[in-house]
Protein chains: 2
Amino acid sequence: MPEVFEQDYTLELLQQVTNALNSGQFVQVRRTLAEIPPCDTALLLESSPHKVRTQLWQLVDPDIQGDVLEELSEDVRLSIIAKMEPELIAAATEDMDDDDLGEVLRSLPDPVYQDVIGAMDSQDRARATQALSYVEHSAGALMNTDTVTIRPDVSLDVVLRYLRLKGELPDGTDDLYVVDKDNCFLGALPISVLLTSQPDKLVKELMNEERETIPISMDESDVAQLFERHNWISAPVVDDNAHLLGRITIDDIVDVIREDAEHSLMSMAGLDDEEDTFAPVWKSSRRRSIWLGINLLTALMAAFVASFFEGTLDILPILAVLNGIVPSMGGVAGSQTLTLVIRGIALGHVNATNQRFLLGKELAIGALNGLLWSLLIAGVIALWQWDFVLGGVIAFAMFMNLVAAGIAGASIPLMLKKMNIDPALAGSVVLTTVTDIVGIFAFLGTATWLLV
Amino acid sequence: MPEVFEQDYTLELLQQVTNALNSGQFVQVRRTLAEIPPCDTALLLESSPHKVRTQLWQLVDPDIQGDVLEELSEDVRLSIIAKMEPELIAAATEDMDDDDLGEVLRSLPDPVYQDVIGAMDSQDRARATQALSYVEHSAGALMNTDTVTIRPDVSLDVVLRYLRLKGELPDGTDDLYVVDKDNCFLGALPISVLLTSQPDKLVKELMNEERETIPISMDESDVAQLFERHNWISAPVVDDNAHLLGRITIDDIVDVIREDAEHSLMSMAGLDDEEDTFAPVWKSSRRRSIWLGINLLTALMAAFVASFFEGTLDILPILAVLNGIVPSMGGVAGSQTLTLVIRGIALGHVNATNQRFLLGKELAIGALNGLLWSLLIAGVIALWQWDFVLGGVIAFAMFMNLVAAGIAGASIPLMLKKMNIDPALAGSVVLTTVTDIVGIFAFLGTATWLLV
């Protein structure tokens, strides 16, 4: 009887396993882990605090440890591998896809890597060396070599008999690849065409010669964009001379898409994409403190700017009370623009042809919103403090800072991109520095000029 | 000769089309648009400012307008449909997949919807009504009805002959679905098994009876998590009585995954997920101003808190200069925790079984980082202002605020989630309010007590 999924299936599983672990029923947990698919075991590990995770892993059947490792995010996988014996790592990687094998090996510290390679048999070692030869985050590193290739001048009937002899097809095979005797890629025969055409037709009559191929050095994000736009399930990878090297499948692309989309979110908060929610305290706090350190520098810089106006603040302490408002609004408006532009760059929508337009548009939005909020804040402050000049001063500063925020939010990521610095990582720090300093100067500067 | 993709292919295309448009060579643009696939036309439209987009759309062959509309993000699609005649919309939706048809129709304003439905023939109208009957963002709304179904007691040979008669398979077909005479789902026959098994075998001997099915009402994000964990290419959708209703394919899931991942990023900046980078100024600024308004309220609240200490600020203007540092650090530390927890919730890693652990962990990180940065800031301020008590005061405030940031960053999204409020949308406002107020109270309060 086919199983219908319950929405809370995984949550129940998690609760059940956690309870069993807490009450020491290790045998029962081991039995549960043997019954569920590797992907669910991976979810359990990802959702568990560090200590529970270590316990759980010891209860996973060594035969499926490789399958579970493949499903884990990099950070979690590393934390588990760090405690495994090299022989066990070598055994677990045996049945891995080439791309996962490469990723695991790449993530090992050098001495452990040597031990793992040493524990492999010669065939696995050759496969490992091959997998490691491709540049990280390139099409090569995403690729598997398990393609099914056929010749153009045979009939479909011959192909069908060949496949029955072969006995099984690699997961996610939607195309057979047609190659010549030098293994040059000639086209693809979709298996849907193979199934729906007359068996006496020749491959070359039916194959898709227009099938696009992926160059081995293409960046994985570009590959993902192609998959997404063309709705591919798999795609052939070739070298510079059109030799077929392997294929990339949609399941690996889904990971790239998820990682790319999360990259912006995580980087903008100064976190690593693959940051493990349940990493040990010490490791997490060390990672995050770099970002806090950079922020402290910018906060001190803003304080230093404010210190120019200590005399003014001494005379008019109300300015100190209101001094946070303008930089805060600038920061929020700027980060809206920044987020939009960073996403636009990541999706390939923002580029040389339209960045000038974009800058103008964000400037106009800054001016419009600046007008709206400066009028409003002027009213609030004038009524609260019964001081119309003060209202005018804060309104002017608000307008200036929102315009500056629009310009900075649009231009900073474009400039960083040109300098090959990741806009998602560095953008918000640079932006906040600009909006803080412009905001303080505009507010305290104008106040010093008009009110003191 | 198969085409090898150039990394900059789309950028070149974009430049070429933009140049041609600017110099009025509309015929050439029309010809280019007729040659490139609909997905590339969609990219051109997404990357174009509003006015260029309208021009471009008029040059797209009406026969492929439907295909292009399917590829566009919701916001951009809406902006284009808003300017189309109902008859043209009806024509463009004719060849759309059910799920895209439903999405387009759902997004129409009511009078336009009536006109579009009126312009359809009765068959299309029935399909439209069916597509609209499913809840938005449910499995039903993602589903297509183009399944290939077979009976369990026929041989593979019969299946193969049936498929040849059929002549083609729907895109992304990796499984044939086995149903009984009441259309109840019995299992799946992977086409890879069909291809590699002996033709005299029966379907029921080879079908996968364990194939999981998706209930029609399941939320699309849950469906996406299942696809991602199980590496599915398609999955059958059933009603409560196991009747087969349709199937969901990976290309639609990729969109869900991208949207879900972007949702957190965009919401945290107060933007709509599908926000169009090139929307008209007026529309963009109106949308964003809501967020700015909420932020103004919290900034005024912080100013109000600071105003309690106006007397202290009057005596010690240096406090005004330094007052921004502690809230700023709290905001950054808190948003790191917030981002991590929001992502953990979205991925299904954070839930009832581990939230207490998470809270403790983030509190510990806050305390550790608090210790580090309070010592550092104490040193900096003591040396800068040559005032050791002031250094102590800011250190104490920093420590308190980083601990508060850890607690708030972890607990706010969990509380919002329990109240059914989207943590990504409301989380950062609530957080900033907490870290601003705690920061100001801790710094100015302690200073008033110790220094005045």
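Chain identifiers are assigned alphabetically (A, B, ...) following the order of the sequence lines, protein sequences preceding nucleic acid strands; residue numbering begins at 1 within each chain.
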Let me know if [X] has heavy atoms under 4.5 Å from chain B in its side chain, its backbone, both or neither.
X        : result
A/Ala302 : neither
A/Asp314 : both
A/Asp276 : backbone
A/Phe357 : side chain
A/Asp252 : neither
A/Thr173 : neither
A/Ile233 : side chain
A/Leu340 : both
A/Gln15  : both
A/Leu368 : side chain
A/Leu347 : both
A/Leu372 : side chain
A/Phe304 : both
A/Ile318 : both

Please look at [X] and chain A and tell me whether the side chain, the backbone, both or neither of the residue comes under 4.5 angstrom of a heavy atom of that chain.
X        : result
B/Phe308 : neither
B/Val305 : neither
B/Asp255 : side chain

If you tally heavy-atom pairs under 4.5 Å against chain B, which of [options] wins?
options                                : answer
A/Leu169, A/Ile440, A/Ile377, A/Val281 : A/Val281
A/Pro38, A/Pro190, A/Ser285, A/Ala299  : A/Ser285
A/Pro236, A/Ala188, A/Ala320           : A/Ala320
A/Leu313, A/Thr339, A/Asn295, A/Asp251 : A/Asn295
A/Trp384, A/Trp373, A/Phe227           : A/Trp373
A/Ala346, A/Gly293, A/Ala352, A/Ala42  : A/Gly293

Problem - Under the side-chain hydrogen bond (donor to acceptor under 3.5 Å, both in side chains) test, residues paired with A/Arg288 that sit two or more places apart - result: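 Checked A/Arg288 against side-chain hydrogen bond (donor to acceptor under 3.5 Å, both in side chains); matches are B/Thr337, B/Glu362.
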
Exercise for the section: Run the numbers on B/Leu292 and A/Val332 for side chain to side chain contact (heavy atoms under 4.5 Å, CB included), then give the verdict. Expected result: CA-CA 7 Å; B/Leu292 287 167; A/Val332 169; 3.9 Å; yes

Practice task
Count the heavy atoms of every other residue, nucleotide or ligand shown that sit under 6.0 Å from CG of B/Asp260, and state whether that count exceeds 12.
Solution key: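 Yes, CG of B/Asp260 has more than 12 neighbouring heavy atoms, counting only those of other groups under 6.0 Å.
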
Which heavy atom in [X] sits nearest to a heavy atom in [Y], and how many Å separate them?
X        : Y        : result
B/Ala303 : A/Val321 : O-CG1, 3.0 Å
B/Leu43  : A/Gly348 : CD1-O, 4.5 Å
B/Asn369 : A/Ser289 : OD1-CB, 3.2 Å
A/Gly270 : B/Gln336 : O-NE2, 3.9 Å
B/Leu265 : A/Arg343 : CD2-CB, 4.5 Å
A/Arg229 : B/Cys39  : O-CB, 3.0 Å

Just give me the residue among [options] that pairs up with chain A most often, heavy atom to heavy atom, under 4.5 Å.
options                                : result
B/Leu316, B/Leu296, B/Val223, B/Ile253 : B/Leu296
B/Ala364, B/Ser307, B/Ser335, B/Pro327 : B/Ser307
B/Asn323, B/Leu358, B/Asp174           : B/Leu358
B/Ser328, B/Pro49, B/Gly344            : B/Pro49
B/Val193, B/Thr249, B/Ile250, B/Leu322 : B/Ile250
B/Lys166, B/Gln225, B/Met398, B/Glu168 : B/Glu168

Exercise for the section: Decide yes or no on side chain to side chain contact (heavy atoms under 4.5 Å, CB included) for B/Val159 and A/Leu195, but give the supporting numbers first. Expected result: CA-CA 10 Å; B/Val159 174; A/Leu195 278 171; over 6 Å; no

Exercise for the section: Decide side chain to side chain contact (heavy atoms under 4.5 Å, CB included) for A/Ile325 and B/Leu300; before the verdict, give the C-alpha distance in whole Å, the side-chain angles of both, and the deciding distance to 0.1 Å. Expected result: CA-CA 7 Å; A/Ile325 297 175; B/Leu300 281 171; 3.7 Å; yes

Exercise for the section: Take A/Asp171 and B/Asn231 through the test side chain to side chain contact (heavy atoms under 4.5 Å, CB included) and record every step on the way to the result. Expected result: CA-CA 9 Å; A/Asp171 285 343; B/Asn231 294 339; over 6 Å; no

Problem - Polar side-chain atom of A/Arg164 near backbone of B/Ser197 as donor-acceptor pair, under 3.5 Å - result: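 Yes, the answer is positive, given that a donor and an acceptor are paired below the 3.5 Å cut-off.
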
Exercise for the section: Enter the distance from B/Asn354:CG to A/Glu46:CD here, rounded to the nearest 0.5 Å. Expected result: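 Here the rounded value is 12.0 Å.
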
Exercise for the section: Let me see the working for A/Ser47 and B/Asn351 under side chain to side chain donor-acceptor pair (under 3.5 Å), right down to the final yes or no. Expected result: CA-CA 8 Å; A/Ser47 309; B/Asn351 48 50; 4.7 Å; no

